[in-house]
Each structure stands twice: as C-alpha cells, then as structure tokens.
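For reference, the structure is listed below as structure tokens.
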Amino acid sequence: MMEEKGRENGVAAMKACYRRFDPAAYLQYNYTPPRADFTRKDSIVPWKLACLHRAFTEGDMSGELLVDIGSGPTLYQVMSGCEVFSKVLLTDFLEVNRQELRRWLQDEGQCSLDWTPYLQHVCKLEGRRPSAWTEKAAKLRQVIADILPIDVHCSQPLAPDALPLAGADCLVSCFCLESVSPDLAAFTRALGHIGKLLRPGGHLMLIGALGESYYFAGPGVRIPVVPLNEAQVCTSLKESGYTLIRLEVYTLTQDMRVGVDDVTGVFFVKAKKD
C-alpha cells in the first residue's frame with residue numbers, strides 16, 4: 001500500500017513539473033542548429049531521421065496503424081512512417097503540445113517551428129528531390145487521423161475506443177518515457193503499458209536519452225529525467241515483453257551540448273512485441 005502511494009506521488013510530482021512546459025522554447029532548444037543542422041553528418045537530428053528512415057524501410061513492417069506515443073510538439077518521428085502506414089495517430093499528455101500539432105495539421109501557419117527542412121531531408125533519404133517536401137507534407141496531413149490525449153502511467157494509456165481491438169501495428173516513441181517517469185521502475189512499467197496498445201508481432205521504435213538527469217522545457221523550467229544506460233534500456237524492454245532487433249547509440253559531441261540538458265548520448269531501438 002505504502003509502495004503504491006509512493007509510486008503515485010512520484011508520478012504526480014512529474015505531472016506537476018509539466019504544467020510549465022513551453023513547446024516553443026523546447027523546439028528552439030532541441031530542433032534548431034546545431035542539433036538540427038542538416039549540412040552536418042554528425043548533427044543529432046539527421047542521425048535520428050536516418051535511424052527512423054532505415055527502420056521503416058527495411059521491409060519487415062506491415063499493417064495499417066502507426067501510433068506515436070508522447071509526440072510532444074514534434075512531427076519528425078512520423079515523417080518516414082507515414083509512407084508505410086496508412087493511418088497515424090499522434091498522442092500527448094499536454095494540451096499545449098496537442099494544440100501545437102493541430103496548428104500544423106490544419107495548416108494555420110502559426111507553428112513554433114518550420115518543419116520544411118525536416119521534410120526536405122527525409123525526402124532526400126527516400127531518394128526524392130528535396131522539392132517533393134510539399135507532397136510529403138500533404139501525405140503526412142492526410143494520414144494523421146487524430147491527435148489524442150495519453151497517459152503512459154495508466155495501465156490503459158489511451159481511451160478504450162481509440163484503437164482497433166487488435167491494437168496498433170507499430171509504435172514510435174521519442175524522448176517520452178524516461179522524461180515523464182520518476183524512476184527506472186516507472187519507465188519499465190510505462191513500456192509495459194504502451195505495449196498493451198501494440199498487437200503481438202508489432203514493432204516498437206524507441207528513441208531516448210542516455211545519461212540525462214534533467215532538461216529545460218522553457219526558461220527556468222527544469223524537468224527531471226531518469227538517467228538510463230544501454231543495459232537498463234535492454235533489460236526494461238525484455239521485462240516488458242519486447243524482443244530487441246537493434247540498438248544504436250549516438251554520443252553527443254561537445255558542440256551538441258548546448259546547456260539545455262545534461263544528456264551524454266541518444267539511443268535508438270527497434271524491437272518487436274513477443
């Protein structure tokens with residue numbers, strides 16, 4: 001009983017941290033140069049996009065529905081997947097993030113970040129002209145079916161009728177679980193919770209921070225993070241019913257450490273639900 005109370009308090013404290021989350025500042029900190037410099041091979045965002053592109057185009061993905069878990073205010077994580085799956089659901093705990101995503105989806109022109117360079121870069125990865133980005137944007141808007149509230153700390157993270165009975169064919173989740181969990185046990189539980197949304201044999205793509213204990217989500221808004229290492233990620237996946245297909249690691253160069261967090265590396269995982 002006491003343990004459960006402590007668990008709930010930890011999760012409640014994390015949720016309280018997010019009340020001051022500032023989507024525009026978060027995007028500025030993490031999704032502009034040097035972290036998003038498309039002229040550099042060693043920049044972190046092009047590395048993430050390359051990992052996702054490869055994972056989605058290896059030919060082992062099938063089905064119709066891709067669900068992005070904890071989208072935040074970002075779209076890059078579904079730019080490759082929208083070519084493979086005919087339906088994409090974006091999800092986030094925070095209404096401010098869902099609002100940011102809706103602005104892009106409805107093409108209202110008041111987005112906090114211009115996603116054009118991202119779309120152009122993914123087009124290049126796909127062997128298309130960068131000018132095909134307009135078609136890609138149209139395709140992405142067409143396949144995004146909804147933007148839903150989610151809580152990865154609930155054993156049923158989405159509303160019961162949000163998904164078909166069989167579950168999603170693929171999940172992608174970037175910098176969500178370790179950033180909203182008070183400790184490693186909560187991170188592992190959250191992995192198990194989202195696994196309930198995935199059909200057996202479905203794929204999980206996970207991108208997350210290594211060695212990070214905090215990040216800034218706005219001026220003076222410091223959010224604690226579970227500092228993970230590769231072994232812990234692998235153990236948590238196994239305990240949560242996934243089989244690891246691939247783990248890749250990016251180590252941050254000095255100039256990628258821009259003072260908005262203390263992250264040392266980023267992991268990319270491709271796994272399959274048992």
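P219 approaches D22 most closely through the heavy-atom pair CD-OD2, 4.2 Å.
With contacts defined as side-chain heavy-atom distances shorter than 4.5 Å, the pair D169/E64 qualifies. Counting only heavy atoms from C-beta outward, the side chains of R20 and R222 never approach each other to under 4.5 Å. Looking only at side-chain heavy atoms (C-beta outward), V226 and S181 come within less than 4.5 Å of each other. Using a 4.5 Å heavy-atom cutoff, the side chains of T74 and W115 are in contact. Residues L204 and I194 are in side-chain contact: their nearest non-hydrogen atoms beyond the backbone lie under 4.5 Å apart. Inter-residue side-chain proximity for Y76 and V45 is flagged as unmet; no heavy-atom pair is nearer than 4.5 Å.
One hydrophobic cluster, built from ILVMFWY side chains closer than 4.5 Å, holds both V84 and L125. Note on L148: it clusters hydrophobically with L101, by side-chain heavy-atom contacts below 4.5 Å among ILVMFWY residues. Connection of L158 to V11 is not established within any shared hydrophobic cluster, with ILVMFWY side chains joined at heavy-atom distances below 4.5 Å, either directly or through further cluster members. The hydrophobic cluster containing L177 also contains L184, counting ILVMFWY residues as joined when their side-chain heavy atoms lie under 4.5 angstrom apart, directly or transitively.
No donor-acceptor contact under 3.5 angstrom links the side chains of D92 and S71, judged on distance only. Between the side chains of E83 and S80, no donor N or O sits under 3.5 Å from an acceptor N or O. No side-chain N or O of T264 forms a donor-acceptor pair with one of E212 less than 3.5 Å apart.
Dense packing is recorded around CD of Q99, with more than 12 heavy atoms of other residues, nucleotides or ligands lying under 6.0 Å away.
Distance alone, capped at 3.5 Å, is enough to place a donor-acceptor pair between the N30 side chain and the Y26 backbone. Y242 places a side-chain N or O within 3.5 Å of a backbone atom of G195 that can act as its donor or acceptor partner. Judged by distance alone, with hydrogens and angles left aside, the side-chain atoms of H203 form no donor-acceptor pair with the main-chain N or O of F56 at under 3.5 Å. A donor-acceptor pair under 3.5 Å links the side-chain atoms of Q232 to the main chain of N229, judged by distance alone. Panel note: side chain S43, backbone R35; a donor-acceptor pair is recorded below 3.5 Å. A side-chain donor-acceptor contact under 3.5 Å links H193 to the backbone of C154. Judged by distance alone, with hydrogens and angles left aside, the side-chain atoms of S240 form a donor-acceptor pair with the main-chain N or O of T188 at under 3.5 Å.
Comment: K270 does not engage E248 in a salt bridge, judged by the lack of any side-chain N to carboxylate O separation of less than 4.0 angstrom. Between R102 and E95 there is a salt bridge, with a side-chain nitrogen of the basic residue lying less than 4.0 Å from a carboxylate oxygen of the acidic one. The existence of a salt bridge linking D151 and K15 is confirmed by a sub-4.0 Å separation between a basic side-chain nitrogen and an acidic carboxylate oxygen.
Here the rule is side-chain contact (heavy atoms from CB on, under 4.5 Å) with L65, and of L171, L89, V88 only L89 fits it.
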Salt bridge (Lys or Arg N to Asp or Glu O under 4.0 Å) evaluation trace for R246 with E58: CA-CA 12 Å; R246 183 167 68 249; E58 283 173 317; 2.9 Å; yes
CA sep, side-chain torsions, deciding dist, call: T116, T134, side chain to side chain contact (heavy atoms under 4.5 Å, CB included): CA-CA 8 Å; T116 308; T134 51; over 6 Å; no
Check against side chain to side chain contact (heavy atoms under 4.5 Å, CB included), D262 and Y215: CA-CA 7 Å; D262 62 350; Y215 75 96; over 6 Å; no
Intermediate values then yes/no, salt bridge (Lys or Arg N to Asp or Glu O under 4.0 Å), D255 and R40: CA-CA 12 Å; D255 63 334; R40 284 176 55 175; 2.7 Å; yes
ring-ring contact (aromatic ring centres under 6.0 Å, His included) evaluation trace for F216 with Y214: CA-CA 7 Å; F216 283 104; Y214 74 90; 5.6 Å; yes
Step-by-step ring-ring contact (aromatic ring centres under 6.0 Å, His included) determination, F38 to Y118: CA-CA 8 Å; F38 295 104; Y118 286 74; 5.1 Å; yes
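Distance CD1/I150 to OG1/T91: 3.5 Å, rounded to 0.5 Å.
Annotation: cation-pi geometry satisfied between R141 and W104 (NZ/CZ under 6.0 angstrom from ring centroid, within 45° of ring axis).
Taking the six-membered ring where tryptophan is involved, the planes of W47 and Y250 are tilted, since the angle between them lies from 30° to 60°.
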